[in-house]
Protein chains: 2
Amino acid sequence: MRRAVTIKHVAAEAGVSLQTVSRVINNEPNVRPVVQERVRAAVAKLGYVPSLAARRMGGSRSYLLMALNDRDRTIEGWKSGEGTDWVDQMLMGGMLKCESHGYRMIFELVDTHSDHVDRAVRAALAALHPDGVILTPPHSENPAITGLLSQLGLPFARIASIAEGDGFAVSMDDAEAAAHATDHLLSLGHRRVGFVTGSPQYAVSDARLSGYRAAMSASPHGLDETLIGRGDFSYESGVAAVDALLDLPSPPTAVVCSNDRMALAAIRTAQRRGLSTPSDLSVVSFDNTPLARFADMTAVIQPVAEMSAVAADLLIRFKAGETDLPSQSRVAFGFAPRGSTAPPRSGGSR
Amino acid sequence: MRRAVTIKHVAAEAGVSLQTVSRVINNEPNVRPVVQERVRAAVAKLGYVPSLAARRMGGSRSYLLMALNDRDRTIEGWKSGEGTDWVDQMLMGGMLKCESHGYRMIFELVDTHSDHVDRAVRAALAALHPDGVILTPPHSENPAITGLLSQLGLPFARIASIAEGDGFAVSMDDAEAAAHATDHLLSLGHRRVGFVTGSPQYAVSDARLSGYRAAMSASPHGLDETLIGRGDFSYESGVAAVDALLDLPSPPTAVVCSNDRMALAAIRTAQRRGLSTPSDLSVVSFDNTPLARFADMTAVIQPVAEMSAVAADLLIRFKAGETDLPSQSRVAFGFAPRGSTAPPRSGGSR
DNA sequence: CTGTTAGCGCGTTCAA
DNA sequence: TTGAACGCGCTAACAG
């Protein structure tokens with residue numbers, strides 16, 4: 001096995017010192033263009049690429065970003081194969097962004113609810129020494145983790161978290177998205193539009209609910225609190241919530257669900273009761289996962305890839321010494337109208 | 001920011017030399033149980049975790065495994081959001097296995113067809129110095145990559161590759177799986193069972209075809225080569241192949257497709273022609289992706305997670321000095337009977 | 001069985 | 001503007 005080419009070889013090839021090569025590699029000032037060119041040529045010729053491990057040892061950067069996901073949720077998602085492509089989207093956004101900066105992203109799974117969160121996170125940090133950490137829900141709102149990172153002075157980003165606090169918050173406007181989804185239904189002619197909430201554990205749940213409330217209040221039909229069903233993001237909770245809504249004396253003709261599984265539950269529950277979608281019940285989902293696509297559900301698109309890309313970008317730039325980085329970033333949400341929404345059967349009046 | 005705890009601190013705490021701590025950490029022999037215990041206590045007390053970067057610098061291992069995926073295919077999959085959960089399954093299998101050995105898995109995307117494959121792979125290797133590389137299709141059969149790794153003496157595993165050659169081949173028995181799928185249809189009473197091949201670029205395509213041929217030849221109805229349609233894994237190719245099969249004077253009543261997209265194409269094509277699944281055309285898919293699950297397709301399950309786990313395990317054990325590791329590993333395939341297969345409408349006879 | 005010495009490939013701090 | 005010396009945290013090779 002040929003020995004790897006190191007900065008030494010490049011220095012020798014270019015006839016300069018190690019240091020000069022280092023400066024060129026890192027785009028530091030104080031190198032004459034001529035010398036710079038000579039070094040670059042040597043780098044190209046030898047195919048030199050600096051070793052991340054050595055860089056981390058000598059310098060202050062590891063060129064590593066750590067993405068922290070919830071262990072149980074992630075593994076369960078993989079096992080069930082429900083195709084929630086959250087991880088894929090994170091990789092696409094975060095990893096590609098890292099790549100373009102010479103960084104790598106490493107995935108770590110940690111239990112949010114474990115007593116050992118602290119120890120687990122510390123261990124991962126000690127092993128990897130990442131330059132920054134990207135937190136996804138529910139970690140992004142777990143004080144045990146955000147507190148630890150703050151205390152350690154390690155830069156981190158909170159994805160889909162709107163709470164104030166340390167770290168870069170990167171989110172989409174959940175309230176506005178919920179309002180948009182609601183307006184979509186209203187503009188189709190629906191008067192009674194229901195809503196199924198997510199788990200109160202997640203801050204986004206509140207935001208979505210308030211967006212729905214705002215849209216309904218602003219509509220001529222007004223807000224009717226009885227049209228709000230409580231869910232917790234699980235399929236079962238969706239079934240229960242929608243059953244309750246449809247049991248109402250004056251049931252909704254359309255419903256906005258706080259995620260895809262509950263939206264699917266809505267469709268199936270309606271079906272079980274002899275109602276069909278979209279003619280009897282229009283349904284909007286809040287996640288554009290493969291499930292939503294296959295089930296042809298109109299959905300709010302969470303820009304997971306973009307959020308991770310922004311998160312990675314912020315952390316990298318912060319580590320590079322940039323200042324005046326926004327502590328709160330909003331990424332535009334998307335909306336995909338599909339076959340699960342249509343005007344109400346009788347034109348909106350009963 | 002508190003300084004990280006290093007091996008030095010542990011050595012001081014335990015009152016031994018650095019080297020002794022290192023030995024204990026790495027489970028090396030020649031340490032008295034008493035001392036070992038003392039060191040372990042110090043490690044626990046201080047919450048010490050060795051730095052991967054430093055280990056790589058000093059020693060011969062980096063505790064990193066690199067998973068090499070095809071760039072275009074992967075990104076396209078993520079973008080289309082078709083929910084092909086190959087990456088997820090790889091992570092689940094490989095990453096969790098790595099984790100249990102103190103390793104990490106890093107994802108890298110490289111263009112198979114690029115002229116720069118060589119350069120791209122070399123760059124990734126130089127930056128990361130992984131202890132091993134996991135190759136997925138089509139990389140696992142790309143001589144530009146396998147050759148480079150062989151030449152570099154870097155251990156690697158080829159997932160879903162059955163070709164002879166360097167590196168650990170980890171695969172499922174595609175031929176047997178295809179035979180199983182075919183037998184499933186035969187045992188339901190189908191006599192004319194068709195087959196849609198995958199792209200000949202992939203070795204598994206041949207294996208699947210030969211399994212189909214074997215099963216048909218062994219059946220009382222015999223093998224009919226005209227029932228074999230040529231596809232390339234794309235939806236469009238599936239449409240074309242199935243259209244051709246259904247145009248036959250005596251068309252098949254069931255078909256085994258070499259992947260999920262073509263299986264979906266089969267169902268939709270039949271539908272377009274006024275045939276319904278499974279009553280008029282039974283369909284078996286060869287991938288158990290979310291798409292197959294949502295479309296309720298009977299499918300062969302590729303044990304992607306298990307294959308990556310085995311691959312990671314082999315590489316880690318190899319690096320740890322274990323010998324007599326199998327150069328070819330077979331992982332059992334799975335089979336999920338669902339709603340896309342049923343007995344033929346007229347009991348199998350026309 | 002244990003400790004000492006010498007790097008690994010870089011970035012950082014200084015001096016030139 | 002450039003270069004030399006030093007050390008990061010760890011393991012390998014050796015000495016005791």
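All values below come from the heavy atoms of this structure, side chains included, with hydrogens, waters and symmetry mates left out.
Rounded to an integer number of Å, the gap from CG of N26(B) to C1' of dA13(D) is 15 Å. We find that NZ of K8(A) is positioned 13 Å from C1' of dA5(D), with the value rounded to whole Å. Per the geometry, NE2 belonging to H9(A) stands 10 Å off C1' belonging to dG9(C), to the nearest Å. The distance between atom NZ of K319(B) and atom P of dT11(D), rounded to the nearest whole Å, is 14 Å. Here the P atom of nucleotide dT1(D) and the CG atom of L18(A) are 20 Å apart, to the nearest Å. If you measure from atom CZ of R38(B) to atom P of dC1(C), you get 15 Å, rounded to the nearest angstrom. With rounding to whole Å, L128(B) atom CG is found 21 Å from dC8(C) atom P.
Phosphate proximity of dT2(D) to N30(A): absent, as no side-chain N or O sits under 4.0 Å from OP1 or OP2. Note on S17(B): a side-chain N or O is less than 4.0 Å away from OP1 or OP2 of dG3(C).
Within 6.0 Å of the CZ atom in R73(A), the count of heavy atoms belonging to other residues, nucleotides or ligands does not exceed 12.
R158(B) forms no cation-pi arrangement with F168(B), by the criterion of a distance under 6.0 Å to the ring centre and an angle within 45° of the ring axis.
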Would you list the atom pairs, donor with acceptor, under 3.5 Å between side chains in residues 310-317 of chain A and any protein atom, with sequence neighbours excluded?
from	atom 1	to	atom 2	distance (Å)
D313(A)	OD2	R317(A)	NH1	2.9
R317(A)	NE	E322(A)	OE1	3.2
R317(A)	NE	E322(A)	OE2	3.2
R317(A)	NH2	E322(A)	OE1	3.1

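Residues from residues 45-57 of chain B lying near DNA chain C, meaning a heavy-atom separation below 4.0 Å, are M57(B) in numerical order.
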Criterion side-chain hydrogen bond (donor to acceptor under 3.5 Å, both in side chains) on S62(A) and H129(A), from CA distance to verdict: CA-CA 7 Å; S62(A) 64; H129(A) 298 280; over 6 Å; no

Stepwise side chain to side chain contact (heavy atoms under 4.5 Å, CB included) test for C98(B) and R104(B): CA-CA 5 Å; C98(B) 280; R104(B) 314 278 152 164; 5.8 Å; no

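Checking side-chain atoms of S329(B) against main-chain N and O of S171(B) turns up no donor-acceptor pair under 3.5 Å. Formation of a donor-acceptor pair under 3.5 Å by the R38(B) side chain with backbone atoms of A14(B) is found in this model.
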Under 3.5 Å between N/O atoms: give me all the protein pairs with nucleotides 12-14 of chain C, atom names plus distance.
from	atom 1	to	atom 2	distance (Å)
dT12(C)	OP1	S60(A)	OG	3.2
dT12(C)	O4	Q19(A)	OE1	2.6

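Between the side chains of N26(B) and R61(B), not a single donor N or O lies within less than 3.5 Å of an accepting N or O.
Ion pairing of K8(A) with E13(A) is absent here, as no side-chain N (NZ or NE/NH1/NH2) approaches a carboxylate O to less than 4.0 Å.
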